[in-house]
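Just so you know, these numbers use all the heavy atoms, side chains as well, and skip hydrogens, waters and symmetry mates. Just so it is clear, the structure is predicted and the values come from calculations on it, not from any experiment. Lettering of chains follows the sequences in order, A, B, ..., and the numbering in each one begins at 1.
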Number of protein chains: 2
Amino acid sequence: MPIRNTETSRVRNIPLFRGANDSAFAMALSGAFLQRFPAGTTLLMEGDSVDFLYILLEGAVELGASWKSKDTTLAIIRPISTFILAAVVLDSDALMSASTLERSEILMVPGESLRRAMKSDANFCFAVSEELAGCYRGLVRSVKNHKLRDSTERLANYLLTQRARQGGKDTILLPHEKRVLASLLGMTPENLSRAFAKLSAQGVSVDGVQVQLGKIPALERLARPSPLIDNHYAQPKNELGESHIERGKGLLDGVAAL
Amino acid sequence: MPIRNTETSRVRNIPLFRGANDSAFAMALSGAFLQRFPAGTTLLMEGDSVDFLYILLEGAVELGASWKSKDTTLAIIRPISTFILAAVVLDSDALMSASTLERSEILMVPGESLRRAMKSDANFCFAVSEELAGCYRGLVRSVKNHKLRDSTERLANYLLTQRARQGGKDTILLPHEKRVLASLLGMTPENLSRAFAKLSAQGVSVDGVQVQLGKIPALERLARPSPLIDNHYAQPKNELGESHIERGKGLLDGVAAL
DNA sequence: ACTCTCGCTTGATCAAAATCAAGCGTGTGC
DNA sequence: GCACACGCTTGATTTTGATCAAGCGAGAGT
């Protein structure tokens, strides 16, 4: 599908492109096209060579990986976010697979165009570096979350993060199927159920996708959220790893991953 | 300590600076200085603001993190490598602490100089992006390693990676104390001992820092190393996460982390 | 030589999480 | 309406890893 004005203007204002000069922006998007995918479509498999930067405009995309018949979710991307940037910059193979969780609308930007634009405009290139640095730090948070907390603590922090993103109200909606959430949090669906059960002591009660957080102080006492692991303060756009994303200093639209 | 010619020329050739033009290189290193630290020195704590890019010229540095009285090692840096780059690019706080494992020699480059240099030279800026992308992908490998493998499998892969880096001989030397190794692999020292014991079935025998790998095929059958997780093919310079680092396409000197 | 310390190992116990196996409830298709 | 599939839960069991508690052995300081 040819790229239209509506799309370019939407994308022009994300942090990645905002500081680019017009000619670099045009160069980056030369050859870009818009594509729609139904839910459950595999966009990319681990090991595939990566020819495009993906920019998710609508929908949701799961980044995952597998080994020896196990698999896991590494991140869930929400609009407007890029993914697979690192592989594009290095012109190398994908380390994660990507598939749509919902019907999605994706802008596909040729990697070669993007790299040329970076080399032609230091400000744009700097924005790419900021973006990558933010992704890196999101992953650092994710590793810390996994190595330092047990599964109940991860869930408790996930709930508090969602609360902050969904406006601070005491009842939140789970944005994904529980099995996807379990995989993102690094546990089995069975254990996710049990972790929810444990958190009833902290006033958490689940009804389908709705979760009531009855006793926030108790939940916080258990979760002990930390700005060095959790990203409560970011805008409610992305969920990377256990849902932490970060933008250059005081920012703004989330843009994430790979 | 003032920076001398020997140091600038050593650093000039790492991938990060190789493509920079002379004026950007000079700008980046303006205000840089060399510092020596004894083993066990804390260079940076989590949450500290980061004013310098660190370039490790000699020694070894551990990057770690802690939460609720637990702590863990996220990476071990070997020369010549940078660390804390992402925080410098974003001019933000450290997400990891850094401390020397051995007496170390570190070139400290002011963050502001580095950012100015990036904005003045798109090629240098591109190299920074490549560096960050490599760090990012190293962390992705690390997350996969932790979420998909159990501790014995992680150890088995670690041993095979070390073998590849130490020249492919069937006896390798552990480069760190076992307690550090355990923390890097995400387990307790007790469990590291037991994991070694389990691997005796695969021909692994330990004597102090020396490890004999008796039955490589059996070990590989258990470890199932994968180019999408392990970085056997990189140069033997770095150990990030479980020891995977990656450089832009066909590269070279390792440079890593944060 | 002799303790002392320290890093590592070993064993016993405990806690956390994965796995196996039903069951339950809702929604779909026939 | 009825059967079926599917996502989720619950319980029982096993496996994995953490914790607690000794012990062992090499090296450092006296």
(message) Under a 3.5 Å distance rule, please check whether Trp67(A) uses its side chain to pair with a backbone N or O of Lys147(B) as donor and acceptor.
(response) no

(request) Round to a whole Å and report the spacing from CG of Leu192(A) to C1' of dA16(C). (result) 15 Å

(message) Regarding dT19(D), can its base be found pairing with the side chain of Arg194(B) as donor and acceptor, where the two atoms are less than 3.5 Å apart?
(response) yes

(message) Output the rounded distance in Å from CD (Glu177(B)) to C1' (dT5(C)).
(response) 14 Å

(message) For a quick test of reading the model: is some side-chain N or O of Asn191(A) closer than 4.0 Å to OP1 or OP2 of dA17(C)?
(response) no

(request) Compute the centroid of each ring, for Phe33(B) and then for Phe52(B), and state whether the two points are separated by less than 6.0 Å. (result) yes

(message) Would you say Lys178(A) places a side-chain N or O within less than 4.0 Å of OP1 or OP2 belonging to dT9(D)?
(response) yes

(message) Nearest heavy atom decides the nucleotide; on that basis, is Glu190(A) or Asp150(A) closer to the 5' end of DNA chain C?
(response) Asp150(A)

(request) Please report, rounded to the nearest Å, how far the C1' atom of dT16(D) is from the CG atom of Leu148(B). (result) 16 Å

(message) In this structure, how many angstroms lie between the P atom of dT15(D) and the CD atom of Glu153(B), rounded?
(response) 15 Å

(request) Decide yes or no for Leu57(A) and Leu34(A): does some side-chain heavy atom of the first lie under 4.5 Å from some side-chain heavy atom of the second? (result) yes

(request) Could you work out which one of dT19(D), dC8(D), dC8(C) sits closest to the side chain of Arg179(A)? (result) dC8(D)

(request) Take the protein atom CG of Leu181(B) and the nucleotide atom C1' of dC8(C), then report the distance between them rounded to whole Å. (result) 13 Å

(message) From CZ of Arg154(A) over to P of dA16(C), roughly how many Å is that when rounded to an integer?
(response) 13 Å

(message) Both Ala197(A) and Lys70(B) contact DNA chain D. Which one's nearest nucleotide lies toward the 5' end?
(response) Ala197(A)

(request) Can you spot which of Ile172(A), Leu199(A), Leu173(A) makes a side chain to side chain contact (heavy atoms under 4.5 Å, CB included) with Val211(A)? (result) Ile172(A)

(request) Write down the distance between NZ (Lys198(A)) and C1' (dG11(D)), rounded to a whole number of angstrom. (result) 15 Å

(message) With a 3.5 Å distance limit and no angle check, can you tell me whether Thr100(B) reaches the backbone of Gly40(B) through a side-chain donor-acceptor pair?
(response) yes

(message) Output the rounded distance in Å from CZ (Phe196(A)) to C1' (dC8(D)).
(response) 12 Å

(message) Side-chain N or O of Thr188(B) versus OP1/OP2 of dA18(D): is the shortest distance under 4.0 Å?
(response) yes

(message) Quick check on dT10(D): is either OP1 or OP2 less than 4.0 Å from any side-chain nitrogen or oxygen of Ser193(A)?
(response) no

